[in-house]
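Bear in mind the structure is a predicted one, so any value in this text is a computation, not a measurement. Chain A is the first sequence line, chain B the second, and so forth, proteins listed ahead of strands; every chain is numbered from 1.
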There are 2 protein chains.
Amino acid sequence: MAERAFLPHLAYDSVVFGFSGDELKILIMEYHNTGLFALPGGFVGSNEDLDLAVRRGLAERTGLSDIYLEQFHAFGSMARYKPEVMATILQANGHNPERDFPWMLDRFITIAYYALINYKDVVPKPDALSDSCRWYPVKELPKLILDHEGIVEKAVLTLRENLDRKLVGGNLLPQRFTMKELQHVYEAILDTKLRRTTFQRAMLATGRLKRHDKQYSGKAHKAPYLYSFT
Amino acid sequence: MAERAFLPHLAYDSVVFGFSGDELKILIMEYHNTGLFALPGGFVGSNEDLDLAVRRGLAERTGLSDIYLEQFHAFGSMARYKPEVMATILQANGHNPERDFPWMLDRFITIAYYALINYKDVVPKPDALSDSCRWYPVKELPKLILDHEGIVEKAVLTLRENLDRKLVGGNLLPQRFTMKELQHVYEAILDTKLRRTTFQRAMLATGRLKRHDKQYSGKAHKAPYLYSFT
DNA sequence: TATTATTGTTACAAAATGAGACAATAATGA
DNA sequence: TCATTATTGTCTCATTTTGTAACAATAATA
């Protein structure tokens, strides 16, 4: 068999979470002239670590290296095999799918990751096939291709389960943040209101928060401390 | 490209947990004339659901269908690519690897599952390349090929995390079991002693246990109830 | 019929959590 | 200057959950 750049039949998709306006958002791509929306994804180089392939793709789309990334599921049902979707996307970009990219019409098993990033650090960049790469609130997603909506759903569920266990909430905020900001992140992820005092006590009890200087907001009230995770 | 039976570069491995003699055990295969031990695994048919491929392989090895199965991680580093291992196994079985099975020398990404089964229901069966398929205590495994020891370790950690959250302990026991048996399963998985009364209270509080008739053991003491999960 | 080992339940202490009160600010504005 | 306002950090107390031990109820045995 000839050398090939990527492993056949294998892809990854990434659910990139950001936090802005007290909402949990994710990056969604739109393909040129199709009205089709999808998770940002990519392929794995024939001699490339799976994890590194995902980091590479994320770096290209967000400009960020060194981001919090976690693999959560591989999706491999036959039900997700719909070659006509990829054919539509390729045709809309002026390609002849069967002639130019026959391997993209194959069946794919995708390994899904979620990433947590500081919203303000990111300038989303689309790829060659895509029109745009934009933030959408998790609660107001457009219709996505294939099983991507199910992938997002599982990502959110996994993130919820890992929130307390791995204390990952801070990865959606700048290095230093107030207790209220952290609480809003938790509330957005869990989709529920939390009690301020109980939350503060629980967070401090983890022993993972370092307290820094106060943040003076210019508002007429006590200034909150800034915290960071250790 | 010619039709092929299996997706290239993709495999699955299964960590099959059983419980016997108050120990947590897993199924390990030994390859003919090599002294090499490995997790039971297999390949995914070109038109086969990933999950069903794993169930098919498990059914062949355990004789069981309808078992508790959970995917927990895909392993895809380049460090796990050691074609000489598979070459050794094929040669020991009288094959010429390069000529007969060149694709088995390729790089593989493996998707790992763990299964929980009732030890007594299983008669392990090796496959064509294997000598034996036997139970080994998790704490006394032989040296395994490639990254299979890391796969087992991650399986155990995942099982521990899921134990309370998904109440999966009962899948390692017969349909009906005593509270003491269930406690022993928990103790084996968590590798720690539990307090009898606290455990009993917590289990009953889940509301997922149904109480059946008593089990008379012939011993000189009160007979325990049998329970099943709903 | 007393003894033994084990089980299911209860009782009480200790710890964790829920819910509110309260004092301590930063700015504002009379 | 000094009361006012909004928010923060902490404390208090009630409630719930958990840790620990005691106790009563068995099945078989001697």
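In summary, the side chains of B/His184 and B/Glu181 do not present any donor paired with an acceptor at a separation below 3.5 Å, with no hydrogens or angles considered.
Atom CG in B/Leu182 sits roughly 15 Å away from atom C1' in C/dT7 (whole-Å rounding). Taking atom CZ on B/Phe199 and atom P on C/dT9, their separation rounds to 15 Å, with Å as the unit. What separates CD of A/Gln183 from P of D/dT7 is a distance of 13 Å, to the nearest Å. For the pair A/Leu204 CG and D/dT8 P, the computed distance is 14 Å after rounding to whole Å. Distance CD (B/Gln200) to P (D/dA25): 17 Å, rounded to an integer number of Å. One can place CE of B/Met203 at 14 Å from P of C/dG8, the figure rounded to the nearest angstrom. Counting to the nearest Å, the P atom of C/dG8 and the NE2 atom of B/His212 are 13 Å from each other. Between the OH atom of A/Tyr225 and the C1' atom of C/dA26 there is a distance of 13 Å, rounded to whole Å.
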Ring pair (Phe, Tyr, Trp, His ring centres under 6.0 Å) assessment of A/Phe177 paired with A/Phe229: CA-CA 9 Å; A/Phe177 46 84; A/Phe229 275 103; 5.7 Å; yes

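Mapping A/Ala220 and A/Arg211 onto DNA chain D by nearest heavy atom places A/Ala220 closer to the 5' end of the strand. In terms of position along DNA chain D, the nucleotide closest to A/His221 lies nearer the 5' end than the nucleotide closest to the other residue of the pair A/His221 and B/Gly218. Along DNA chain C, the nucleotide nearest B/Lys222 and the nucleotide nearest A/Lys222 are compared for position; the residue whose nucleotide lies closer to the 5' end is B/Lys222.
Looking at the side chain of A/Thr198, the nearest of the listed nucleotides D/dT7, C/dT17, D/dA21 is C/dT17. When distances run from any side-chain atom of B/Tyr216 to the nucleotides C/dG20, D/dG9, D/dA27, the shortest one goes to D/dA27.
Residue A/Arg195 places no side-chain atom within donor-acceptor reach of the base of C/dG20, judged by atom type and a 3.5 Å distance cut-off alone. Side chain A/Arg196 to base C/dG20: no donor-acceptor pair is found below 3.5 Å. Taking 3.5 Å as the limit, the base of D/dG9 and the side chain of A/Arg201 contain no donor-acceptor pair of atoms between them.
Between B/Lys219 and C/dT6 there is no side-chain polar atom (N or O) within less than 4.0 angstrom of OP1 or OP2. Residue A/Lys180 places none of its side-chain N or O atoms closer than 4.0 Å to OP1 or OP2 of D/dT7.
Across all strands, B/Thr197 comes closer than 4.0 Å to base atoms (heavy-atom distances).
In this structure, the side chains of B/Tyr68 and B/Val168 come closer than 4.5 Å at one or more pairs of heavy atoms.
Residue B/Ser228 forms a side-chain hydrogen bond (donor to acceptor under 3.5 Å, both in side chains) with just one option from B/Gln175, B/His212, B/Lys210, and that option is B/His212.
Taking each heavy atom of B/Leu146 and B/Arg80 in turn, the nearest pair found is CD2-O, 3.8 Å.
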